[in-house]
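The sequence lines fix the lettering, A, B, ..., with proteins before strands; numbering per chain opens at 1.
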2 protein chains.
Amino acid sequence: MKADALRGHLDALLLAVLDDGPRHGYAIIEALQARSGGALSLPTGTVYPALRRLERAGYVESTWSTVGGRERRTYQLTTAGRKTLAAERSSWAEFTATIGAFLTPRPVNP
Amino acid sequence: MKADALRGHLDALLLAVLDDGPRHGYAIIEALQARSGGALSLPTGTVYPALRRLERAGYVESTWSTVGGRERRTYQLTTAGRKTLAAERSSWAEFTATIGAFLTPRPVNP
DNA sequence: CCTTCACGCGTAGCGAGTCTACGGATACCC
DNA sequence: GGGTATCCGTAGACTCGCTACGCGTGAAGG
C-alpha cells in the first residue's frame, strides 16, 4: 500500500482500534497489523506522536502502568473521542463514495 | 470533506477523469466538481502542478490550442497512463478494503 | 466606457503530518 | 553474554496539497 495514502485517516484508525477497548501503543500497532492481515505495519514514529496529538485534542486519555517491569502507557477513548470516531466513520463513508465514484473499476462498456 | 484526505489519490483521480477523454485543466476541475456533486472543488494551485507532474512522469501528454482567443492546454492519457490508472484502481480497492475494515460503521451490538 | 465576472494558464511558499533514523530501557531464552 | 521481543520516545527530512498571488482575454451589464 502506498505510504502516504493514510494521510488524514490515521487518527480515525487509532480511534477505531481503541473503540475495541483500551490499549497501549505497542498493542495498538500490533492490533492494526493483525486485523489488516499485515497490510498495516505502522512505525512507532508514526503512531506515538499521533497518540499524543489525540490526547492533546482530548479524544483519548492515558494512564501509566508497569507490567512485567515495563512501563506502559495505556490509552482509552474519551466521550469526545467516541463522538469524533462516529464522525470520522461517516466522513470515511462519504470520502470513499466520492472518490470511489471515479476510481472503482467500472465495467467496460459491452 | 477533510482537505488532506486526498493525499496520494489525486493523481489517480486526474487519470480517471482523463480516461473519459482528453480535457484541459479547467475542464478537469469542472468535471470533478460535476461528477462528485460539488464535493470535489479542487483549486487550480492543486490541479495544475499535479498535471505537470503527471506529464513529467509520462502518464499524460499535452497539446496547446486556442479556443475563442484563449489558450488551452489539453491533456490526454498515454498508454503508460492507462496502465497506471488500472493499477491505481486496484490499489484503491485494496486501500478501502484495508481501512474500511476498521472504519465502516459496524452494527452496534444489540 | 468601464467594471465585473467567467474563462484559462501558471508559480511561490506555507503547513500539516507521516516516515526514517535514532536513542534508551527491561525481560527472557539460548 | 548476546540476541530478540517488548515498550517508550524524539528530531529532522520530506512530500504534496493548499493558500495566495499574478497575468491575460472575452462577454455582459450598468
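- A donor-acceptor contact under 3.5 Å links the side chain of Arg7(A) to the base of dG17(C).
- Straight-line distance from the CD1 atom of Ile29(A) to the P atom of dG9(D): 11 Å, rounded to whole Å.
- In this structure, OH of Tyr26(B) is placed 14 Å from C1' of dG24(D), rounded to the nearest angstrom.
- When all heavy atoms are compared, the tightest approach of Arg23(A) to Leu18(A) is N-CD2, 3.7 Å.
- Distance Asp11(A) CG to dT18(C) C1': 11 Å, rounded to the nearest Å.
- Between the side chains of Arg72(A) and Ser65(A), no donor-acceptor pair of N or O atoms lies under 3.5 Å.
- For Tyr75(B), the OH atom is densely surrounded, since the number of other residues' heavy atoms within 6.0 Å is greater than 12.
- Without hydrogens or angle criteria, Ser90(A) side chain to Ala87(A) main chain gives a donor-acceptor distance under 3.5 Å.
- Ring pair His9(A)/Phe95(A) is tilted by interplanar angle, where 30° to 60° counts as tilted.
- Taking a 4.0 Å limit (strictly below) on heavy-atom distances, residues 48-63 of chain B reaches DNA chain D at Arg53(B).
- Within the 4.0 Å cut-off from OP1 or OP2 of dC7(D), at least one side-chain nitrogen or oxygen of Arg72(A) is found.
- The 5' end of DNA chain D is approached more closely, in terms of each residue's nearest nucleotide, by Glu71(A) than by the other of Leu42(B) and Glu71(A).
- Mapping Tyr75(B) and Val47(A) onto DNA chain C by nearest heavy atom places Tyr75(B) at the nucleotide closer to the 5' end.
- The backbone N or O of Gly69(B) sits nowhere less than 3.5 Å from a side-chain atom of Thr66(B) that would complete a donor-acceptor pair.
- Rounded to a whole Å, the CG atom of Asp4(B) is 14 Å from the C1' atom of dC14(C).
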Nucleotide N/O of nucleotides 22-26 of chain C paired with protein N/O under 3.5 Å:
unit_1  : atom_1 : unit_2   : atom_2 : d
dT26(C) : O2     : Arg70(A) : NE     : 3.1
dT26(C) : O2     : Arg70(A) : NH2    : 3.4

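- The listed nucleotides are dC19(C), dG17(C), dT15(D); the one nearest the side chain of Thr46(A) is dC19(C).
- Across dC8(D), dT18(C), dC18(D), the shortest atom-to-atom separation from the side chain of Trp64(A) is found for dC8(D).
- Leu13(A) has its side chain within reach of Leu40(A): a pair of non-hydrogen atoms, C-beta onward, lies under 4.5 Å apart.
- Atom C1' of nucleotide dA5(D) and atom CD of Gln33(A) are separated by 13 Å, given to the nearest angstrom.
- For the pair Arg82(A) and Asp19(A), the minimum side-chain heavy-atom distance is below 4.5 Å.
- Between the side chains of Gln33(A) and Ser41(A), no donor-acceptor pair of N or O atoms lies under 3.5 Å.
- Using a 30° and 60° split on the angle between ring planes, His24(B) and Tyr26(B) fall in the parallel class, below 30°.
- The distance between atom CG of Leu10(B) and atom P of dT15(D), rounded to the nearest whole Å, is 16 Å.
- At the phosphate of dG10(C), OP1 or OP2 sits under 4.0 Å from a side-chain N or O atom of Arg73(B).
- OP1 or OP2 of dG8(C) lies within a sub-4.0 Å distance of a side-chain N or O belonging to His24(B).
- Note: CG (Leu6(B)) to P (dT18(C)) measures 15 Å, nearest angstrom.
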